[in-house]
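A quick write-up on the structure given underneath.
These values consider heavy atoms only, across backbone and side chains, with no hydrogens, waters or symmetry-generated copies. In what follows, chains carry the letters A, B, and so on, assigned in the order in which the sequence lines appear, proteins first and then strands, with residues in each chain numbered from 1.
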Number of protein chains: 2
Amino acid sequence: MVWTDAQGRALTDHPRPSVAVDVAVLTVLDGGLRLLVVDGPFGRALPGTFLHPGERLADAAARALRDKAGVGDLAFHQLGLYDDPARDDRGWVLSMAHGSASPSHSLPPTAELVEIVDDRSALPLAFDHDDMVTAAVHDLRARYADDADPDALLGDRFTLLELRRVHEAIVGRPLPKDTFRRRMLTHIEGTGELVTADAGRPAELFRRIRAHPDA
Amino acid sequence: MVWTDAQGRALTDHPRPSVAVDVAVLTVLDGGLRLLVVDGPFGRALPGTFLHPGERLADAAARALRDKAGVGDLAFHQLGLYDDPARDDRGWVLSMAHGSASPSHSLPPTAELVEIVDDRSALPLAFDHDDMVTAAVHDLRARYADDADPDALLGDRFTLLELRRVHEAIVGRPLPKDTFRRRMLTHIEGTGELVTADAGRPAELFRRIRAHPDA
DNA sequence: CTAATAGTGTCTCTGAGACACTATTTG
DNA sequence: CAAATAGTGTCTCAGAGACACTATTAG
């Protein structure tokens with residue numbers, strides 16, 4: 001049996017698009033957001049690849065990160081499918097944009113990180129990757145608005161100052177320390193441990209609390 | 001010049017997936033959420049279609065709604081790309097799920113509307129369409145949480161009772177009328193007009209306010 | 001001691017929820 | 001008049017922001 005679409009054409013008669021995945025990996029460095037980019041024949045671009053036959057999108061995205069940028073084990077999620085037929089000169093290519101956030105020390109030292117300015121890459125990217133980056137930044141901001149550190153940009157344990165620096169980089173403005181502390185205390189819990197910096201009173205180390213208590 | 005991927009294969013050598021679009025159209029009827037479904041060879045399913053060569057996803061989704069369900073002129077947005085290689089027995093088919101909301105009176109009288117119970121279709125759907133519906137319901141709820149009527153489920157003018165009924169259907173629980181009124185007054189503005197129902201004091205008609213004042 | 005950083009007490013403002021009240025219509 | 005629906009006054013509670021205060025370290 002051959003399945004046909006509404007126009008009576010067999011499925012296999014349809015020219016099909018190539019499907020790609022691209023991943024916008026964001027990180028926090030020097031108090032600001034940065035984006036992982038790779039250089040290729042089209043200039044600076046997000047790490048990406050074409051979907052292999054039968055492959056899952058998540059697997060393709062992980063493969064792109066590994067092969068193009070040398071990073072592994074990142075969590076990411078879908079942002080949107082970019083579908084302008086003219087978005088790629090090579091032909092009809094749809095690309096599923098993914099967003100990810102990861103601590104800068106987990107990226108290879110050779111990784112090229114460009115600044116995020118005004119929710120965009122400071123250096124222009126190939127294809128429609130600039131739009132993907134803006135979507136990734138907005139998505140990151142939305143997910144950090146109501147949680148402490150959902151993407152584990154910090155390690156298991158962290159001080160409230162470290163957590164606040166991460167949030168400030170993501171929202172792009174300074175946050176009041178007292179309000180921030182009280183707001184976060186519903187999402188994190190103190191270990192008894194103290195850690196001392198160069199000067200001043202030692203800070204307590206906190207850890208994330210599992211899930212939302214209302215879920 | 002022939003572009004190749006990281007494995008050195010030419011792009012055109014890749015077997016490519018079929019790409020489909022599916023649309024979860026939600027509406028409010030009799031105080032509850034309903035879903036527009038169509039009957040096909042696989043049973044009840046969301047209206048959908050295969051992407052035609054060079055076509056935009058939005059155009060394909062609009063075409064599916066027109067051809068499969070007889071509805072036009074709906075706004076929708078992307079929910080996610082469903083990519084399980086085994087999701088469709090006919091072969092390798094990726095499907096971009098879209099969500100939409102539209103007033104029930106704008107749907108054809110013959111449209112089949114199934115109830116939404118517990119964020120799912122009361123009747124099971126083909127493929128992975130049940131998952132798409134749940135995503136659409138959550139998306140709808142998120143977008144109505146901070147706005148009056150972003151998808152224009154009501155007409156230009158409406159009473160606060162009508163608006164509250166819509167929100168109650170979407171969040172799935174009754175809402176207190178006084179709090180709801182005060183919360184909505186930042187998103188809507190009163191016309192001077194009054195409208196009288198069967199009994200009781202006439203209600204004022206309101207309209208949506210353009211955009212968020214903080215944007 | 002001072003400088004520096006961590007953390008708290010408290011006031012104000014705003015918004016949600018609860019509850020009772022007033023206002024305006026039909027019959 | 002009673003019934004029904006629209007809309008308001010007001011109290012309480014919770015959370016955000018502002019500001020000043022206390023606490024604990026290094027030197």
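One interatomic measurement links the two molecules: CG of B:L205 to C1' of D:dT5, which rounds to 15 Å at whole-angstrom precision. Between the CG atom of A:L175 and the P atom of D:dA16 there is a distance of 12 Å, given to the nearest Å. Regarding B:E204, its CD atom lies at a distance of 15 Å from the C1' atom of D:dT5, rounded to whole Å. One interatomic measurement links the two molecules: CE of A:M184 to P of D:dG15, which rounds to 13 Å at whole-angstrom precision. A straight line from CZ of B:R164 to C1' of D:dT5 spans 10 Å, rounded to a whole angstrom. Straight-line distance from the CD atom of A:E162 to the P atom of C:dT5: 14 Å, rounded to whole Å. Going from atom CG of A:L185 over to atom C1' of D:dA14 covers 15 Å, rounded to whole Å.
For residues 121-131 of chain A, the pairs satisfying side chain to side chain donor-acceptor pair (under 3.5 Å) are A:D22-A:H129, A:R87-A:D128, with sequence neighbours left out. Contacts classified as salt bridge (charged side-chain N to carboxylate O under 4.0 Å, His left out) and involving residues 24-37 of chain A (residues at least two apart or in different chains) are given here: A:D30-A:R34.
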Please table the atom pairs, donor to acceptor, closer than 3.5 Å between any side-chain atom in residues 164-174 of chain B and protein atoms at least two apart or in another chain.
residue: B:R164; atom: NH1; partner: B:L175; partner atom: O; Å: 3.4
residue: B:R165; atom: NH1; partner: B:E168; partner atom: OE1; Å: 2.9
residue: B:H167; atom: NE2; partner: B:A148; partner atom: O; Å: 2.6
residue: B:E168; atom: OE2; partner: B:L175; partner atom: N; Å: 2.9

Donor-acceptor pairs under 3.5 angstrom involving side-chain atoms of residues 192-201 of chain B: please list them, not counting sequence neighbours.
residue: B:E193; atom: OE1; partner: B:R157; partner atom: NH1; Å: 2.9
residue: B:E193; atom: OE2; partner: B:R157; partner atom: NH1; Å: 2.5
residue: B:E193; atom: OE2; partner: B:T191; partner atom: OG1; Å: 3.4

- prompt: In B/S/- notation, 5' to 3', how is nucleotides 17-27 of chain C contacted by protein heavy atoms closer than 4.0 Å?
  reply: BBB---BBBS-
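Residues passing the ring-ring contact (aromatic ring centres under 6.0 Å, His included) test with B:F76 are B:H98, sequence neighbours excluded.
What you find for B:A126 and B:A45 is that their closest heavy atoms are CB-CB, 4.2 Å.
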